[in-house]
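I have placed the structure first, in the form of structure tokens, so that the comments after it can refer back to it.
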Amino acid sequence: MFSEPDDPTQRDRMHTAFTQAAANVDATPEPAAAHAWGHNGRTLGALVTTVNSRAWLRIVEAPQGKQGGKL
């Protein structure tokens, strides 16, 4: 696990994207769960609650046109 990015814009963008991703899969971020940041703030993961159980949700930020490549 890495430290969160120093850039507040990047942190806000990733937190917003995480919340939207959770909503897209009908999950709710667990408020007390620690967030796990990836290298250079490119990924963000945390526990979420779904209708059936708890799960881990991780999002990744990639440059446009580079989605699906190696991190």
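Around atom CG of Asp6, no more than 12 heavy atoms belonging to other residues, nucleotides or ligands sit under 6.0 Å away.
In terms of heavy-atom proximity, Trp37 sits nearest to Arg11 at CH2-CA, 4.1 Å. Considering all non-hydrogen atoms of both residues, Gln10 and Glu61 come closest at NE2-OE1, 3.9 Å. Closest of all the heavy-atom pairs between Thr50 and Ala55 is CG2-CB, 4.3 Å. Among all heavy-atom pairs drawn from Ala17 and Ile59, the shortest one is CB-CD1, 3.7 Å. Minimum heavy-atom separation, Trp56 to Gly45: CZ2-C, 3.5 Å.
Note on Leu57 and Leu47: separate hydrophobic clusters, where clusters join Ile, Leu, Val, Met, Phe, Trp and Tyr whose side-chain heavy atoms are under 4.5 Å apart, directly or indirectly.
Through direct or relayed side-chain contacts under 4.5 Å between Ile, Leu, Val, Met, Phe, Trp and Tyr, Val51 connects to no other residue.
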Side-chain donor-acceptor pairs of residues 24-34 under 3.5 Å, sequence neighbours excluded:
from  : atom 1 : to    : atom 2 : distance (Å)
Asn24 : ND2    : Gln20 : O      : 3.4
Glu30 : OE1    : Arg54 : NH2    : 3.4
Glu30 : OE2    : Thr49 : OG1    : 3.0
Glu30 : OE2    : Arg54 : NE     : 2.8

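Within the 4.5 Å cutoff, the side chain of His35 has no heavy atoms near those of the Met14 side chain. Proximity of Phe18 to Thr43: side-chain heavy atoms (C-beta onward) are nowhere separated by under 4.5 Å.
Between atom CG of residue Leu44 and atom CZ of residue Arg42 there is a gap of 13.5 Å, rounded to the nearest 0.5 Å.
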